[in-house]
**Q** 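Supplied in structure tokens, the structure appears directly below.
Just so you know, residue 1 is the first one in the sequence shown, and it goes up from there. Indexing begins at 1, ligand by ligand and atom by atom, following the structure's order.
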Amino acid sequence: MIKVAIMGCGTIGSGVYEVIEENQAILKKELGDEIRVSRILDLREFPGTPYEKLVTGDFSAIEKDPEISIVVETMGGTKPAYQFVKACLLAGKHVVTSNKALVAAHGTELLQIARDKNINFLFEAAVGGGIPVIRTLGTGYAGQEIMEITGILNGTTNYILTEMDRRGTSFGDALAEAQRLGYAERNPEADVEGFDTCRKIAILTSLVTDSEVNFEQIHTEGITKIDTTDFAYAKKLNANIKLVGSAVRENGRVAVSVCPKLIPEDNPLYGVSGVFNGILIRGNMLGVTMLYGSGAGKLPTASAVLADIIEAAKNMDRNVPFGWHEGQTVPEPMEDSLHRYLIRFKGSDSAKAKAVFADAEAVSPDGEAAGEEFALFTGVMREKDMQAAAAQFDNIIKVIRA
Ligand code: HSE
């Protein structure tokens, strides 16, 4: 029997317990062995649950138990997750985590410890929930260069933007509805400010460049400033607005960013709605593919954890080549990146704006905005050139990249 411990019995942790119990027969068939959860670390008690007797508040009960060979970390955050995960790896236990904050901040070190100890540190569930994007990049698209990953990587913000687009709901009302439905946290900052997407694109970029991309060096903007007028302009351009994490490799440079972007209707990401995630991958041989599915939630995320548990169980005595190695990939400065821009201006006198952004097309406003403002959709410009041109105006309401 393979004994597993779960650290953190929140939504994902309890989901992992559930899928292991529920799928016992499948696991037995696949592995020829039984997998059982033997300990759950949490400071809370869970009276009346089937796992009530497994719960402990004492980490050493897991760290020092030689029979536990795989530890699942679903605590979230880095403190104390980092300390606990490192201790488990050093104790020779395989670790499977869903924790993107931990992987983005400490992945390089934890992957190396796993290699040194001939065990595995796996984190499929940290990006894209139930979508096997990490495994796909590592094995499905092995042997080629991944030139671009552009993903809708956060279900919460995608739900909010979809509501704003389809129902004309304000950002605040859409967020409140997301919170009511359990899609958004009471403190939604990590999602709506783009921090969650930032960690996820940092992990994916590190995987394809085989070296660490420091998430703190990624230009990150959230969706809090997006309003319904932006969607009206987007419609006129046959586009939608999505929060995307993007990594584009060209001539040895990597441009990485997180920001709301206009997505034209011929882009497969255009149709990724509600809480779903979509991840567009461009390989030098593959061309373009999009992975689509449930990027968050209890059972989809627990399913990804389960797949990693099976991977560890099948490779108990060896480190499967995975992850990235030491070294840094420094993202290209945002100011050097190339985009088209939708620029909204206050007022109605567009002569100067049309002269400065000479190759831009005019996008006329609707309803209340008509007469109050106008907008231009520029050609492709370098960010710093757009900023320099925009600095000539004191009536710019907003700039959205495409
Ligand atoms: N809040 C995150 C999301 C959870 O909506 O995608 C999964 O990381």
Side-chain angles (χ1 to χ4, degrees), residues 8 10-16 19 72-78 81 96-105 107 122-135 149-165 171 174-207 215 218 220-224 226 241-246 258-260 269 272-280 290-308:
T11 308
I12 311 302
S14 61
V16 172
V19 294
V72 173
E73 185 276 306
T74 47
M75 307 171 87
T78 55
V96 171
T97 182
S98 61
N99 184 343
K100 69 230 85 171
L102 173 75
V103 178
L122 302 168
F123 43 82
E124 181 63 67
V127 184
I131 306 170
V133 57
I134 290 180
R135 196 155 277 115
I149 300 176
T150 298
I152 295 171
L153 297 167
N154 183 273
T156 306
T157 46
N158 205 43
Y159 173 83
I160 292 170
L161 293 173
T162 303
E163 288 296 293
M164 292 176 75
D165 174 41
F171 169 77
L175 170 60
E177 182 65 358
Q179 285 170 318
R180 196 183 66 74
L181 293 169
Y183 297 151
E185 308 274 344
R186 200 179 296 261
N187 177 357
E189 193 188 24
D191 292 321
V192 299
E193 296 294 356
F195 306 151
D196 177 83
T197 299
C198 170
R199 267 82 179 159
K200 290 170 175 169
I201 195 68
I203 293 169
L204 296 180
T205 315
S206 300
L207 285 165
F215 67 89
I218 297 177
T220 301
E221 290 172 31
I223 62 163
T224 55
I226 297 296
I241 301 172
K242 301 286 184 188
L243 180 68
V244 294
S246 175
V258 174
C259 58
L269 293 171
V272 177
S273 303
V275 288
F276 288 98
N277 282 194
I279 306 154
L280 194 137
M290 188 178 81
L291 305 179
Y292 169 85
S294 303
K298 181 174 177 164
L299 295 181
T301 309
S303 306
V305 171
L306 185 64
D308 276 350

**Q** Show me the donor-acceptor pairs, under 3.5 Å and distance only, between side chains in residues 194-205 and residues at least two apart or in other chains.
**A**
| from | atom 1 | to | atom 2 | distance (Å) |
| --- | --- | --- | --- | --- |
| Asp196 | OD1 | Lys100 | NZ | 3.3 |
| Asp196 | OD2 | Asn154 | ND2 | 2.8 |
| Asp196 | OD2 | Lys200 | NZ | 2.6 |
| Arg199 | NH1 | Phe195 | O | 3.3 |
| Lys200 | NZ | Leu153 | O | 2.8 |
| Thr205 | OG1 | Ile201 | O | 2.5 |

**Q** With a 3.5 Å distance limit and no angle check, can you tell me whether Glu73 reaches the backbone of Gly76 through a side-chain donor-acceptor pair?
**A** yes
**Q** Measure from every N or O atom of ligand 1 to the protein's N or O atoms and keep only the pairs below 3.5 Å, writing each with atom names and distance to 0.1 Å.
**A**
| from | atom 1 | to | atom 2 | distance (Å) |
| --- | --- | --- | --- | --- |
| ligand 1 | 1 (N) | Thr156 | OG1 | 3.3 |
| ligand 1 | 1 (N) | Asp191 | OD1 | 3.0 |
| ligand 1 | 1 (N) | Asp191 | OD2 | 3.2 |
| ligand 1 | 5 (O) | Gly155 | N | 3.2 |
| ligand 1 | 5 (O) | Thr156 | N | 2.9 |
| ligand 1 | 5 (O) | Thr156 | OG1 | 2.7 |
| ligand 1 | 6 (O) | Gly155 | N | 2.9 |
| ligand 1 | 6 (O) | Lys200 | NZ | 3.3 |
| ligand 1 | 8 (O) | Lys100 | NZ | 2.6 |
| ligand 1 | 8 (O) | Asp196 | OD1 | 3.4 |
| ligand 1 | 8 (O) | Lys200 | NZ | 2.7 |

**Q** Hey, are the side chains of Ile223 and Phe171 touching, using non-hydrogen atoms and a 4.5 Å cut-off?
**A** yes
**Q** Can you list everything that forms a salt bridge (Lys or Arg N to Asp or Glu O under 4.0 Å) with Glu185? Sequence neighbours excluded, please.
**A** none
**Q** With sequence neighbours excluded, give me every salt bridge (Lys or Arg N to Asp or Glu O under 4.0 Å) pair touching residues 153-164.
**A** Glu163-Arg167
**Q** Is Asp308 reaching over with its side chain to a backbone N or O of Glu124, donor-acceptor style, under 3.5 angstrom?
**A** yes
